[in-house]
Each structure stands twice: as structure tokens, then as C-alpha cells.
Amino acid sequence: MKLRIGSRESVLAVTQSELVMEAIRAFDPSIELELVTMKTTGDKILDRTLDKVGGKGLFVRELDAALLEGRVDITVHSCKDLPMETDPRLPLAGFSKREDPRDALVLPAGKTELDPSLPIGCASRRRAIQLAALYPDMEVAPVRGNVQTRLRKLDEGQYSALVLASAGLKRLGLEGRIARYFTAEEMIPAAGQGILAVQTRAGENYPCLAAVTDREGTICALAERAFVRMLDGGCSSPVAAHGVVDGDTLILTGMDENGRRDRISGPVTEAEQLGETLARRMKEAAE
Ligand SMILES: NCc1[nH]cc(CCC(=O)O)c1CC(=O)O
């Protein structure tokens, strides 16, 4: 059997797809794996922040098309880049074990302190809202591009720091660049941050994907995504959600677009309902 894996072409996306390929290979070494990389709209438009480009799923559209047209068999995504609504023709077949979900502060190479005369580079409204509370005196300016591009802009002196996902930095072997971790309470992560999602075509069944799928990753992805979906937040909305599994209990913390926070807990078997209930409760409180 041969399996073609569709991925964005950034170093991080390829590294993540290789993690999935390794798990599949360990599960069944007889499966022939081929990585097919492509640029997505989100990779091509680099001069604007993505909420200005509009439209959801800027990092997935081309991969969805390749999957629908049969040019690839599965696609690998950062869960947090996926739109909250999924095309019934392209179900999410597995969520991985979660890498560190926290956001992190990265300083320019050689620096040990924030330069107050330069902005913190961050293109996500979710991060910007929470940064304002953590660093009330610092300016925030947008930065785009893949992780390597952003780090280059940082090191060239355009920013005092960047806020990036620890997960991406760790997977790229760049953990050493992290100057400060924000706890998930200080900065609630994006829904699905640190989790990989595997997408397939409806009707296809790949038993090897069991090797990629993780119980806690799945519970958190489902609950966090349900929360954001119910609040009507896309992948570029400032809405944040973070789940923690403790035995059979899920503790889910959410933030709405006004920066209000709330928390719910309940059985892991009701992950999506907990996300929806928390969102409904926060909507009502905001009215
Ligand atoms: N939006 C870009 C993106 N998508 C996934 C990650 C990191 C990996 C992850 O969170 O799973 C990143 C980079 C970042 O936010 O720093």
C-alpha cells in the first residue's frame, strides 16, 4: 500500500508531517509513504495580517483541493490552522498527542531583555489582546511569514520580541530561543495549539492512523474547537480555548473576543458539549 501525505512546504509543516509519517512507519513498515508539499494562500500572502485577507482556511484550501482531487490520500495540519467547520467530504481522522500548548516570548539573538523602543511582533489578535495585559507599556506590531522568516525579522532588529507557539519552536529544535513561557493562564492558547490533525477523504479508512491518534489530544481538540465554533470564531479570531484532561475530567478555559474568560469542567466523554456550553454561557454573559 502507498500513502501520499499532503503538507504545506514550510520547514515546520514538513517536520510535523514527518512526525506523522514516522508514527505510520512504526505501525506498519510495509506502507510506502510519499510526502507531497505545496504552498497555500496563507504562505503566499505575506504583506498583510490574515484577518485583513479575510476568509477562513487560508492554510488549508490548496491541501483540501489536492485531497478532494485524489492527488494526496491524507493531509497533515496544525490543528490550530484548521477552520472550525469541516467539509463533510474531508473528515478529520485523527488528532495527535499535544506538544507544549503554551505561547512563548522570543528575544532577538544575543538579547536578554525587552527593548521598550521596539514593538513586540505578533500578528494574532488573540495574542495581542493578552499581551496588552502582560506588557501594558509595550507596542505590538504585526509580523507575518513562517517561523524562520519571523525569527530573521526579529534578529534583524525590527522587533523587541516575538510571541510564538512553543510547539512550533520545539519541533524545529529552536527551544533554546525561548526567553519566557507564558502559562496557559497568562496567555490562553489558540484552540488546538500544539496538536496535529490528519484529514482524509470521506469513505476512506486508514487503520494506520490509530498510530497518530491520541486520547487527550482528541478530547482537547474536540472541546476547544467546539467552543470556538459556537462563539463563531475562526482561526484568525481572538477567541482562545485551552483544555486540560485530568483522568476522566476535562477542564476547559475559554476567552471570547472581548477578552472575557470563563471555565467549565465535566466528563471527557462530553468534550464537545462542554465547549458548546461554555461558549453559550459566555455569549449570554456578554449580552
Ligand atoms: N499560525 C502559524 C502556526 N500554526 C501552527 C504553529 C505552531 C504549531 C502549533 O501551534 O501547533 C504556528 C506558528 C506559531 O503560531 O508560532
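Counting starts at 1 for both ligands and their atoms, in listed order. Quantities reported herein were computed from a predicted structural model and do not represent experimental measurements.
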Nitrogen or oxygen atoms of Arg127 and ligand 1 under 3.5 Å apart:
yes
Distance col, row Met1:CE vs Leu33:CG, nearest 0.5 angstrom, shows 8.5 Å
### Message
Any nitrogen or oxygen of Leu12 lying under 3.5 Å from a nitrogen or oxygen in ligand 1? Just yes or no.
### Response
no
Going by the 4.0 angstrom heavy-atom rule, the piece of Ala165 near ligand 1 is both
- Task: Look at Glu34 together with Arg4 and state whether they make a salt bridge at an N to O cut-off of under 4.0 Å.
- Result: no
Under 3.5 Å between any N/O of Gly168 and any N/O of ligand 1: does that happen in this structure?
no
Between the CG atom in Leu209 and the CD1 atom in Ile24, the distance rounded to the nearest 0.5 Å is 5.5 Å
Note to self: Quick check: Lys80 and ligand 1, any N/O pair under 3.5 Å apart?
What the structure shows: yes
Nearest non-hydrogen protein atom to atom 13 (C) of ligand 1, with distance, is Val147 CG2, 4.1 Å
The atoms of ligand 1 lying under 4.0 Å from a heavy atom of Leu164, numbered in the order shown, are 16 (O)
Checklist entry - Is there at least one pair of N or O atoms, one from Asp81 and one from ligand 1, spaced under 3.5 Å apart? => result yes
When you check the gap from the basic side-chain N to the acidic O, do Arg98 and Glu216 get nearer than 4.0 Å? no
heavy-atom search around atom 11 (O) of ligand 1 in the protein gives Gly194 N, 2.9 Å
Tested for salt bridge (Lys or Arg N to Asp or Glu O under 4.0 Å) against Glu186, the lone hit among Arg127, Arg180, Arg102, Arg261 is Arg180
Quick look: Arg102 vs ligand 1, heavy-atom contacts under 4.0 Å, and the answer is neither
*Are Glu156 and Arg152 within salt-bridge range, i.e. N to O under 4.0 Å?*
yes
Is any side-chain N of the basic residue among Arg215 and Asp248 closer than 4.0 Å to the acidic one's carboxylate O?
yes
